Amino acid sequence: MKLSLNWLTDFVDIPSELSPSRLAELLTLRTCEVEAVEHINYNLIGLENIVIGEVMEFKKIEGSEKLHVAKINVGKSEPLQVIFGSMLHMEVGKKVPVALAPTTLPTGLTIQAKKIMGVLTEGMLCLDQELGLKKDGVSIHYFPNSEPGTNFVDAYVQTQAEKFNKIVVAKVLSVAKHPNADRLNLVEVSIGAETRHIVCGGENLVQGMLVAVALPGAKTLDHEGVYYEIKKATIRGVESNGMICAEEEIGLPTLTPQKGLTIADLGYILKKRKLPLVPPGTPLARALEKSDVVFEVDNKSITHRPDLWGHYGMAREFAGFLGKKLKDLKYKNNIPESGEEVHVHLSDKEIASRFLAIIIKGIRVGPSPQWLQDRLIACGMRPVNNIVDITNFVMLELGHPLHAFDRTIVENDSFEIRFAQEGEMIETLDHKKRAMTLHDALVTNGKRILGIAGVMGGLDSEITDKTTEIILEVACWNPVMIRKTSQRHGLRSEAATRFEKSLDPEYTGFAFQRACQLITKICKGSFFGGPVTDIYPLHPTLPTIQLHTAKANSMIGTQLSDKEIMSYLKGLQFVVRKFSKGILEVAIPGFRATKDIKIEEDLIEEIARAHGYEKLAAHHVKLPLKVPMQNTEREKTITARSIMSLGLGFNEALTYSFYGERELNEFLLTGSELEAAHFHVQNPLSNDQTHMRISLIPNLLKAAIRNSVSNTEVKLFEIGRTYHRVHNAQESQKNMFFPKEERYIGGIIVTKQGDPFEDLLGALRTFLKRMEVPDIEIKRAPQTVAPYKHPGAHALVWSGKTMIASLYDVNPLVMKNLDAGRDVQAAAFELNFTRLANIDHGSFIYKPLPKFPGIEIDVSVLGEMHTEIAEVTAVIRKADVDGLIHDIHFIELYKNENALGKDKKSMTFRILLQSPERTLIDEEMRNLQMKIFAEVEKNGWRVR
Amino acid sequence: MNSELEQIKQTALKAFDEATSIDKLYHAHVQVLGRKGVLTAIMQSIAQMQKSEKAAFGQACNAVKKELEQAYDIRRSALENAYIEGVLKDRWVDPTAPGKYYDPGHEHPITQVQTEVEHIFSSMGFSIMDGPEIESEYYNFEALNIPAWHPARDMQDTFFIKQEADPKQGRLVLRTHTSPVQIRSMQKYGAPLRIIVPGRVFRNEATDARHEHTFDQVEGLLIDENISLADLKGVMQEFLTRLFGREMKVRFRPGYFPFVEPGIELDISCTLCNAKGCRVCKNTGWLEFMGAGMVHPNVLDAGNIDRSKYQGWAFGFGLTRLVMMRYGIDDIRLLSSGDIRFIKQF
């Protein structure tokens, strides 16, 4: 939401020594986040890249009727070449606004260097219409007095100042009665060096007041908005040397407190606008440079504060923090007690807590005054017409949305507010047909639907140029209902955003009165058709909360006195009464009571922020020295990660927790018994987010294959969760509600050379050893349920009786599905880390170092192609009846059909013989060797 | 006999002198003084000599032996010195060569920083907790004071899991924050409680360079007697100063989160410009770091905490954001890309 500083100063006196950035910081520290501070100059927004250029020469482009090419001096060493059409009357020496390519104008026009009919153009000469200064026609501003290259905004501001030429700031020196007229005064003013005498009817003139004086030759506005020239005149026999201006005469919004015929109190206006007081004689344009500061507030930081969605609420915050008085909301409308009135029937009081309506006649729809448009533009809203602008203005001022209907649309001056029927159709303003539900409320006239309550109007509900009578409607809709309706139909609007926050029905009244005031004031000739219809079934009772100041101090970490706390709360307009020592009774005003402040803690927050969080000293809490609770799985995860990466050379990846149908197909899971184990995401954003992973491997393997394009070998691992749907053991028909979430380690080797399975097997064995997992056994898997695993190259890892991992070649079909390239092979393991972490590895006792030397013997066994290493080592151990073997290492595998025969392989083992008691002798070694040879041969293998 | 001895001596001395390497010198030494050396053989023959000759010849032999051993030692140390001098003079290395190639793997930056965070909090007595990533609406929202109609549910666009709702738990969701673990831990361990919860969270939003549907958070919760916001400031200042390795300032400002009251946003002094004001902190000197506040009474109730005795604060910060901030990573998607060119930098 955008906040105009000018607007805020309508309600609270903000000291001018506080800079805009300091104000933004203050608001951020006390209330809500200010994301940006913007300084604006009306009309000139977005024109910062335009410069003044002087036409040096120009000529017609050959072959074109209309186009000319000109050399323009823009204050650089080289002139710019620009093409322009015939809409402009151009002369050498003219100085005009030039847009330098590339740039984009606020009208959306993009300017780029390009060739037209083979001629280069490097910018554009800008019409007022192209700059957005005027809506219609064809016109251009010339700047005869500006240097080429001058920034356009500066030059333009200068010409505007010339427009206010001869209107100056003056100080009233004396006020005396006109000798010949009761209602006129003779006023003596100082305009700097000179003193002037002026006849004036203003009733608020006092000595010392700063006023705007139009000197003879100046142009001011009359009541019809037409300029006329001020001349020296004689009024009832007294000479008058100029005119003292009211706000509307110089096109300013009315700020001066109005009583009778009122003159613009410049001192007051300058203060309100946070402008410095200027000495008499200063040109008015300079004194009132039409500018503003806009604070952009992060909407997310005010979702919980219904009162902050308008300037008045924000001004209240400033008033509280600056210790200033907030201007009361008081509106005086002369509303007749009888006449034509609006009939309202609220069919269900759940729909709205208040509903106000009135008929206003004599409307002339047209543009709203400039000052009002300026405010809307400052807040990022586009002016439409006076009625619409006023409703928007009131919404931005008080935070309460409202709506004006063309009376002819309503037809019968009746509102029937009801819930929709299921499937009831309405075409909304945006030309979309929408089907309503039983929970959406409609505004109807009893016959026809006029709009979706609080969210969006119906198709023809807008005010048009032909509108002459309106029905102003302001309602306080049920916030939850509005929120649901707006969500259900995807209709986000400024109104819905505010209504859903829970508005205060008292503000429904303020918004109504303010809109009535502005409409009758701005639309000259408009008047109320009759009395107000005010449906207000239940006036809310304001809650009272008991506040324990000790608790507040304890939670914030302060030692504030009861008195300080009271003053903080009062500053924010809470009504505070001391109940007893340490206990305050706080009445919550309506604008904070609807949703925001409900409990004591809410008030504690008010105290904390009013006090200022920055004043809070960092405190070091004293707590008993206690070792944190143990989290074995976490601790082991850290060890596991460093073994996998720093130890074994795997890189750690983190991949998404979901995948989609595509991965299911690629990994052959579709139709497998594992498919049913997946949880499905109900509202994925894309089709790769539909299935919660039951294995880390699909996403990890895909990442590895992407990497393998530029790497011969890729080793990746991930530690993360998998999510399995499991059946409830008790009720076999039902699944457990929560998934089985387990932490897994997935490891992958993707390589273009060597045997990834063997490599990964070694890595896994080392890993398990370093993790001190006891009783490891890795065995061929009897069968495979996961089709992405190679059924033959698949092993299971056991620690005692607990299966903790599987290790396998990736099914080549999967590799083909992933376009891995035929030379690329992959092996993977999936280790259930949750299970591993729960295995007690017991205590470890070191083995003493051998005291006697050992003897090594190498044995090569010629076995079948499918002979397992474990079979051979078992046979070797079987031969060792005396228990001399200390260790058996498999050291080499050799395959060679010519040398060894078909389907044969040679396995070489290095056997270490050692005794803890003595040095072994050669004979013992030879004996054992013989026994091993015999045992090997007995098994049908041969010793090589 | 003596002349033979003299000749042996002269030959040996000459051989020692002519030996140009330690190996050759050793060889010459073995020739004369080794187990089967010439002098050794002569000395062994003394035993067979007549008693009268024995003593004199024995003395002569020993004298020669002694002289030869001395000569050997001198020559040996000369050769060793020459060798060392040679090594010192001739050895040349190329320090610009890459050296032998080692390729240990790399831990993901997120897990590295997570471990660091865990260590720091652990040293302040915080236990590390885990909780499910697929949560129930009850734990993810209701128990955290976010009822179904609450606008805060908008701020946390949620992935829902296709499964029938449970009457108590509601639907299953991918947790949108680590906060549900607050409730689970309070219910399980009661008060006092000092925990942090690092973990993966999910938001149903489109991915671009700054937004991800999957990221990591760290939740913190401290419940004890008389715990205040000032204590939070103290703990966070301590934590951040250790994490960034320099004095860090923190700033509180109002913030709204349904599960805390009062609620605050915590900013840290800009890590890039050290609070002087720069492009990254939009010239404010501050960077948004986390949301926090005093645990809402409804949340304490959901966690079965005795409110008459205990109060506390909770916080949650984006671990992913912290990592990006620390290493200047400008595209969040790199973190889940599994691209080793990225991972290998950490």
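Predicted model, so just to flag it, every value in this text is computed and none were measured. First the proteins, then the strands, lettered A, B, ... as listed; each starts at 1.
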Can you check side chain to side chain donor-acceptor pair (under 3.5 Å) on Ser336(B) and Tyr656(A), steps first, answer last?
CA-CA 7 Å; Ser336(B) 50; Tyr656(A) 294 139; 3.1 Å; yes

Pick one of side chain, backbone, both or neither for Asp602(A), based on which atoms fall under 4.5 Å of a heavy atom in chain B.
both

Given the options Gln689(A), Met644(A), Arg609(A), Glu606(A), which has more heavy-atom pairs under 4.5 Å with chain B than any of the others?
Gln689(A)

With only heavy atoms counted, which part of Ser657(A) is less than 4.5 Å from chain B, the side chain, the backbone, both or neither?
both

Which region of Thr31(A), side chain (C-beta onward) or backbone (N, CA, C, O), has a non-hydrogen atom less than 4.5 Å from a non-hydrogen atom of chain B, or is it both or neither?
backbone

Can you tell me which portion of Leu716(A) sits under 4.5 Å from chain B's heavy atoms? Options are side chain, backbone, both or neither.
side chain

Can you tell me which portion of Thr558(A) sits under 4.5 Å from chain B's heavy atoms? Options are side chain, backbone, both or neither.
neither

Could you check, using the six-membered ring where one of them is a Trp, whether Phe717(A) and His108(B) have ring centers closer than 6.0 angstrom?
no

What part of Lys501(A) lies closer than 4.5 angstrom to a heavy atom of chain B: side chain, backbone, both or neither?
neither

Test Glu741(A) against Ile134(B) for side chain to side chain contact (heavy atoms under 4.5 Å, CB included), laying out the working first.
CA-CA 8 Å; Glu741(A) 264 184 49; Ile134(B) 298 187; 3.6 Å; yes

Arg305(A) versus chain B, heavy atoms under 4.5 Å apart: side chain, backbone, both or neither?
neither

Pair Glu652(A), His106(B): side-chain N/O donor-acceptor within cut-off below 3.5 Å:
no

Using a cut-off of under 4.5 Å on heavy-atom pairs, state which of Ser301(A), Ala653(A), Ala703(A), Ser645(A) scores highest against chain B.
Ser645(A)

Should Glu118(B) and Ile638(A) count as side-chain neighbours, where that means a heavy-atom distance under 4.5 Å?
yes

Compute whether any side-chain donor of one residue and acceptor of the other, for Arg171(B) and Gln682(A), lie under 3.5 angstrom apart.
no

When the 4.5 angstrom heavy-atom criterion is applied to Arg706(A) and chain B, the contacting part is side chain

For Glu33(A) and Arg253(B), run salt bridge (charged side-chain N to carboxylate O under 4.0 Å, His left out): C-alpha distance rounded to whole Å, both residues' side-chain angles, the deciding distance at 0.1 Å, then the answer.
CA-CA 8 Å; Glu33(A) 192 183 345; Arg253(B) 55 188 168 82; 3.6 Å; yes

State whether Arg634(A) and Asp130(B) are salt-bridged, where the test is any N-O pair (Lys NZ or Arg NE/NH1/NH2 against Asp/Glu carboxylate O) under 4.0 Å.
yes

Quick one: which of Gly255(B), Ser122(B), Pro297(B) has the most heavy-atom pairs under 4.5 Å with chain A, could you say?
Pro297(B)

Taking every non-hydrogen atom, the tightest pair across Leu685(A) and Ala206(B)
CD1-N, 3.4 Å

Geometric class of the Phe252(B)/Tyr613(A) ring pair [parallel <30°, tilted 30-60°, perpendicular >60°]
perpendicular

Value rounded to 0.5 Å, distance of CG in Asp166(B) from CE in Met736(A):
11.5 Å

